[in-house]
Amino acid sequence: MQEEKEFIQKLLNPKTQNQAFQQLLQDYQKPLYNHIRNIVLSHDDTDDVLQNTFIKVFQHLKNFKGESKLFSWMYRIATNEALTFLNQKAKTNGISSETLQNKTIDNLKADVFFDGNEIQIKLQKAIAFLPEKQQLVFKMKYFQELKYEEISEILGTSVGALKASYHHAVKKIEAFVTTN
């Protein structure tokens, strides 16, 4: 924890800020990309949301109180940015978030950055039918292999509630996959 506090001080100090921010990018760009990609699905959209995430992190770092880990705080920002992006994109296109998500899944096959097969597309379609919170919990646990404690810090939800959400999500996905 002390190391993290020192690192944050480097991020806030104008003399060490550039080097520290480069380190932050190096350490977190890939995991945050994967997290955002699991939510928005499209590579191009992910790049946009990732860029916005790092801008927000940079702008709001001075307000970071250290009540959670830097990792958790950044994931919370990335999650909020991704969800806001999806809602705005749906609104701009005059469609629901669910319709947007299904269109995006249908476009995955044409995405050169998606290396999945039909089973993974079917899994994405099953996930799209879940409520937003269950989607987030499932994706963070299943795809990113985050611990419940980490997800709890990111989403501000108790571990017990997260376990229940994940369990319900798995049951719904299993039902979807076996009936479709």
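Checked against Val137 for a side-chain contact (heavy atoms from CB on, under 4.5 Å), the options Leu162, Leu130, Thr157 give a single hit: Leu162. When Ile127, Asn38, Leu123 are each tested for a side-chain contact (heavy atoms from CB on, under 4.5 Å) with Tyr142, only one passes: Leu123.
Residue-environment remark: CZ (Phe129) stays at or below the threshold of 12 foreign heavy atoms within 6.0 Å. Other residues, nucleotides and ligands contribute at most 12 non-hydrogen atoms within 6.0 Å of the CD atom of Gln19. Within 6.0 Å of atom NZ in Lys172, more than 12 heavy atoms from other residues, nucleotides or ligands are found, so the atom counts as buried in its surroundings.
Between Glu145 atom CD and Glu150 atom CD the span is 11.0 Å, to the nearest 0.5 Å. Here the straight-line distance linking atom CG of Leu136 with atom CD of Gln134 works out to 10.5 Å at 0.5 Å rounding. With values rounded to the nearest 0.5 angstrom, Glu4 atom CD is found 8.0 Å from Ser68 atom OG. Once rounded to the nearest 0.5 Å, the distance linking CG of Leu50 with NZ of Lys30 reads 13.0 Å. Here the NZ-NE2 distance, from Lys133 to His168, works out to 13.5 Å after rounding to the nearest 0.5 Å. Ile39 CD1 to Leu83 CG: the interatomic distance, rounded to the nearest 0.5 Å, is 5.5 Å.
A single hydrophobic cluster is not seen to contain both Ile55 and Ile8; linkage of ILVMFWY side chains at heavy-atom distances under 4.5 Å, directly or through other members, places them apart.
Ring geometry for Phe138 versus Tyr166: interplanar angle under 30°, hence parallel rather than tilted (30 to 60°).
Here Asp27 pairs with Gln23 under the side-chain hydrogen bond (donor to acceptor under 3.5 Å, both in side chains) rule; sequence neighbours left out. Looking at residues two or more places apart in sequence or on another chain, you find no salt bridge (Lys or Arg N to Asp or Glu O under 4.0 Å) involving Lys139. For Lys89, the side-chain hydrogen bond (donor to acceptor under 3.5 Å, both in side chains) test picks out Asp45, with sequence neighbours left out. Judged as a salt bridge (Lys or Arg N to Asp or Glu O under 4.0 Å), and not counting sequence neighbours, the contacts of Lys56 are Glu81. For Lys147, the side-chain hydrogen bond (donor to acceptor under 3.5 Å, both in side chains) test picks out no residue, with sequence neighbours left out. In this view, Phe21 and Phe58 satisfy the ring-ring contact (aromatic ring centres under 6.0 Å, His included) rule, not counting sequence neighbours. Residues forming a side-chain contact (heavy atoms from CB on, under 4.5 Å) with Asn63 (at least two apart in sequence, or on another chain): His60. Residues satisfying the side-chain contact (heavy atoms from CB on, under 4.5 Å) test with Pro31, not counting sequence neighbours, are Tyr75. Under the rule for a side-chain hydrogen bond (donor to acceptor under 3.5 Å, both in side chains), Asn80 has no partner lying at least two apart in sequence or in another chain. Lys171 pairs by the salt bridge (Lys or Arg N to Asp or Glu O under 4.0 Å) definition with Glu174, not counting sequence neighbours. The side-chain contact (heavy atoms from CB on, under 4.5 Å) check on Ser158 picks up Ala161, with sequence neighbours excluded. In terms of the salt bridge (Lys or Arg N to Asp or Glu O under 4.0 Å) criterion, Glu132 has no residue partners (sequence neighbours excluded).
Across all their heavy atoms, Glu153 and Ser72 have their closest contact at OE1-OG, 2.7 Å. Heavy atoms only, all atoms of each residue included: Val177 and Lys122 are closest at O-NZ, 3.4 Å. Nearest heavy-atom pair across Phe64 and Lys69 is CZ-C, 4.0 Å.
Tyr33 is listed as a side-chain neighbour of Thr46, based on a closest heavy-atom distance under 4.5 Å. Residues Phe7 and Leu70 have side chains in contact (heavy-atom distance under 4.5 Å, counting atoms from C-beta outward). At a threshold of 4.5 Å between non-hydrogen side-chain atoms, the residues Lys10 and Asn13 do not count as touching. Side-chain contact check for Ile77 versus Phe54: every heavy-atom pair is 4.5 Å or farther apart.
Judged by the 6.0 Å and 45° rule, Lys125 forms no cation-pi pair with Phe176.
A donor-acceptor pair shorter than 3.5 Å can be found between the side chains of Gln144 and His35.
At least one donor-acceptor pair closer than 3.5 Å links the side chain of Arg76 to the backbone N or O of Ile154. Between the side chain of Gln17 and the main chain of Leu11, a donor-acceptor pair closer than 3.5 Å is present. In this structure, Asn93 contributes its side chain and Ile95 its backbone to no donor-acceptor pair below 3.5 Å. Proximity of a side-chain donor or acceptor of Thr53 to a complementary backbone N or O of Val49 within less than 3.5 Å is detected. The main-chain N or O of Val159 is never found under 3.5 Å from a side-chain atom of Glu149 such that the two would form a donor-acceptor pair. Side-chain atoms of Thr92 come within 3.5 Å of backbone N or O of Gln88 as a donor-acceptor pair.
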For this session: Start with the C-alpha distance between Ile151 and Lys141, add both sets of side-chain angles, then the distance that settles side-chain contact (heavy atoms from CB on, under 4.5 Å), and finish with yes or no.
Result: CA-CA 8 Å; Ile151 300 170; Lys141 184 80 182 129; 4.1 Å; yes

Problem set entry | Residue pair Met140, Leu155: steps toward the side-chain contact (heavy atoms from CB on, under 4.5 Å) verdict | CA-CA 10 Å; Met140 294 168 93; Leu155 298 180; 4.1 Å; yes

